[in-house]
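Structure first, then comments.
In this chain, numbering begins with 1 at the start of the sequence shown.
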Amino acid sequence: MPRGTNLTDYEKGQIDTLKTAGNSARAISKAIGRSPGVIINYIILGKKYGQKKDQEGLKNCLIDRKEEL
């Protein structure tokens, strides 16, 4: 499923303002025209929203056969 565009700084400001006013994620999503999921993700992640995760992966899982013996 394709990803949408990230929230702009203006939209982030709107979300923060509406959330402090006590609006629900669904009400905020209707007000700014975004999905409730992106609103919830922004509220949960906060400053980390839009940043890539650290993808460390497997660290050198292949050991040279000679080192093993």
Side-chain angles (χ1 to χ4, degrees):
M1 206 156 126
R3 302 186 100 195
T5 58
N6 283 340
L7 293 170
T8 63
D9 291 335
Y10 179 73
E11 289 173 327
K12 290 176 186 178
Q14 284 184 314
I15 293 169
D16 291 334
T17 304
L18 292 170
K19 187 63 182 168
T20 55
N23 292 315
S24 67
R26 188 171 298 276
I28 296 170
S29 69
K30 286 181 181 179
I32 66 170
R34 290 293 198 125
S35 70
V38 75
I39 306 300
I40 291 168
N41 285 338
Y42 174 71
I43 292 170
I44 291 171
L45 295 175
K47 300 271 185 197
K48 292 183 180 180
Y49 176 81
Q51 296 177 356
K52 290 187 176 184
K53 294 181 187 177
D54 292 333
Q55 295 183 353
E56 294 177 7
L58 297 175
K59 300 223 183 215
N60 200 4
C61 64
L62 299 175
I63 300 173
D64 201 11
R65 196 86 174 134
K66 292 177 185 175
E67 292 178 9
E68 207 172 83
L69 297 173

Give the minimum heavy-atom separation between R34 and T5, together with the two atoms involved.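 Minimum heavy-atom contact is NH1-O, 3.0 Å.
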Could you tell me which non-hydrogen atom of L7 sits nearest to which non-hydrogen atom of K12, and how far apart they are?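 Nearest pair, atom of L7 first, then K12: O-CE, 3.6 Å.
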Give a yes or no on whether the backbone of L18 and the side-chain of N23 come within a donor-acceptor separation of less than 3.5 Å.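 Present.
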So, applying side chain to side chain contact (heavy atoms under 4.5 Å, CB included) with Y49, which one of I15, N6, I43 is it? N6
Results of side-chain hydrogen bond (donor to acceptor under 3.5 Å, both in side chains) for D16 - residues two or more places apart only: Y42
Once you round to the nearest 0.5 Å, how far does NZ of K30 lie from OG of S35?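 Reported value, rounded in 0.5 Å steps: 13.5 Å.
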Nearest 0.5 angstrom please: T8 OG1 to I32 CD1, how far?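 It is 8.0 Å, given to the nearest 0.5 Å.
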Are the side chains of I39 and E11 in contact, using a 4.5 Å heavy-atom criterion?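 In short, these two side chains do not touch, never coming nearer than 4.5 Å.
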